[in-house]
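Below is one structure; the comments refer to it alone.
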Amino acid sequence: MTLALANSKTGICDSHTTAARLTIDVGAVAENWRHLARLSHPARTAAVVKANGYGLGIAHVVPVLNRAGCKDFFVATVAEGIAARTHAPAARIFILNGLDPDAMPAFGRHALIPVIASLPQASLWARHNSENGRHPCAIQIDTGMNRLGLTLSQARALLGDMEHAAQLNAVLVMSHLACADDPDHPMNGQQLQAFQAFTRTMPDHEASLSNSAGIHLGPQFAFDLTRPGIALYGGRSCLSGQNPMRPTVTAQAPILQIRQARPGETVSYGASAVLDRDTRIAVVGVGYADGYPRSLSGAGIPLRGPSHGFADLPRPCVWIAGGLAPILGRVTMDLTMVDITDLPAGAVREGDFVELFGHNLALDDVAAAAGTIGYEILTALGARYRRSITGAG
Ligand SMILES: *Cc1c(COP(=O)(O)O)cnc(C)c1O
């Protein structure tokens with residue numbers, strides 16, 4: 001069943017065929033989770049649904065993951081945790097960005113579990129628990145990324161003080177891998193050793209280290225709980241090799257107009273795309289206001305300027321009528337021009353939809369052409385897309 005939805009951010013339901021559209025296959029999300037759960041076994045598998053489920057929508061992905069058997073969710077903020085709680089009443093929901101002193105009542109009310117990353121946060125939680133009962137928390141340890149987390153010695157001192165530890169009620173200790181997307185990177189082994197040494201002294205706590213890429217580094221990285229994000233949504237987590245995950249999102253946009261241009265004419269702002277032949281141009285209704293990155297411009301931006309010369313960057317394209325159509329000149333706010341000259345005459349008509357990424361054009365190939373990663377493309381998907389959900393069962 002396909003379900004058309006009013007835009008969740010603006011409440012505007014754009015039913016016109018001129019709106020770009022996203023098709024979100026939540027069945028594929030559930031299937032990806034089950035695949036990762038098999039790889040992680042005997043460790044349990046959580047789901048990272050921060051940034052509104054990597055752009056797919058917490059309201060769409062949490063229910064299917066919950067039904068698939070996922071009992072642990074990670075989000076970044078309290079607001080995301082509250083949103084996830086609506087769809088997973090009995091799950092554990094961890095707040096990765098830690099304790100927000102302004103939102104203390106929300107942790108209790110929605111049974112959210114803070115991931116404590118500093119000593120002041122630990123003191124605050126212990127004090128909170130002395131007045132409100134022993135609510136669980138998680139402890140994050142930094143093993144080399146220098147992002148969030150206690151140092152190893154801070155964490156040892158904290159959890160070694162029995163009285164304080166009882167008050168804290170830490171149910172999980174976790175750390176995060178910096179280089180798991182590169183299996184040969186020496187940092188993986190270093191972080192593994194540091195985390196193993198720590199968890200050996202804390203046998204009563206569950207431990208968690210691996211993101212999507214970490215799951216593929218081997219069973220010693222799984223500990224008790226894995227935390228995949230991008231792989232659930234079909235994105236590439238490792239720098240090289242096959243991506244075994246199923247794509248979950250197809251982004252399409254309509255051709256608003258087809259025009260014919262002559263050699264010597266130019267396309268888009270800055271007149272940076274200069275045509276060297278008779279060219280058929282399709283004007284596509286998507287732009288950077290939709291999160292379609294301006295760095296996908298075919299010309300006229302620093303990434304593709306004469307002084308940069310990133311010759312190995314893939315050429316930015318869309319997919320239409322069984323072929324690729326290169327992007328001409330700059331991506332604009334609402335519109336993007338593509339070259340359809342080489343597609344069979346009559347194969348492309350006004351009103352047809354081009355694929356921006358999806359089953360024919362991999363998310364990560366588009367991201368690479370934009371000089372970024374699939375994570376950024378998904379989490380930037382704009383509010384104007386008309387969203388349809390498939391595979392909900
Ligand atoms: C985002 C995040 C994850 C998930 O990472 P992916 O690479 O998307 O699998 C796991 N753990 C932490 C702490 C994170 O911030």
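Computed from a predicted model, the values in this text were never measured in an experiment. The basis for the numbers below is simple: all heavy atoms, side chains too, and nothing from hydrogens, waters or symmetry mates. Ligands are counted one by one from 1 in listed order, and the atoms in each one are counted from 1 as well.
- A salt bridge links Asp72 and Arg44; the closest N-O separation between the charged side-chain nitrogens and carboxylate oxygens is under 4.0 Å.
- Taking the side chain as every heavy atom from C-beta outward, Tyr292 and Thr336 approach each other to under 4.5 Å.
- The six-membered or imidazole ring of Phe223 lies near that of Phe195, with a centre-to-centre distance under 6.0 Å.
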Determine whether Arg156 and Gln154 satisfy the following criterion, side chain to side chain donor-acceptor pair (under 3.5 Å), listing intermediate values before the conclusion.
CA-CA 6 Å; Arg156 273 200 198 95; Gln154 282 176 330; over 6 Å; no

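- Contact check on Asp339 versus Arg277 returns a salt bridge, with a Lys/Arg side-chain nitrogen under 4.0 Å from an Asp/Glu carboxylate oxygen.
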Could you list each nitrogen or oxygen of ligand 1 that sits under 3.5 Å from a protein nitrogen or oxygen, with the atom names and the distance?
| residue | atom | partner | partner atom | Å |
| --- | --- | --- | --- | --- |
| ligand 1 | 7 (O) | Tyr375 | OH | 2.6 |
| ligand 1 | 8 (O) | Tyr54 | OH | 2.5 |
| ligand 1 | 8 (O) | Ile230 | N | 2.8 |
| ligand 1 | 9 (O) | Ser212 | N | 2.8 |
| ligand 1 | 9 (O) | Ser212 | OG | 2.5 |
| ligand 1 | 9 (O) | Gly229 | N | 2.8 |
| ligand 1 | 11 (N) | His176 | ND1 | 3.4 |
| ligand 1 | 11 (N) | Arg227 | NE | 3.0 |
| ligand 1 | 11 (N) | Arg227 | NH2 | 3.2 |
| ligand 1 | 15 (O) | Lys50 | NZ | 2.7 |
| ligand 1 | 15 (O) | Arg147 | NH2 | 3.0 |

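- Classification of Arg280 and Asp342 as a salt-bridged pair fails, no side-chain N sitting under 4.0 Å from a carboxylate O.
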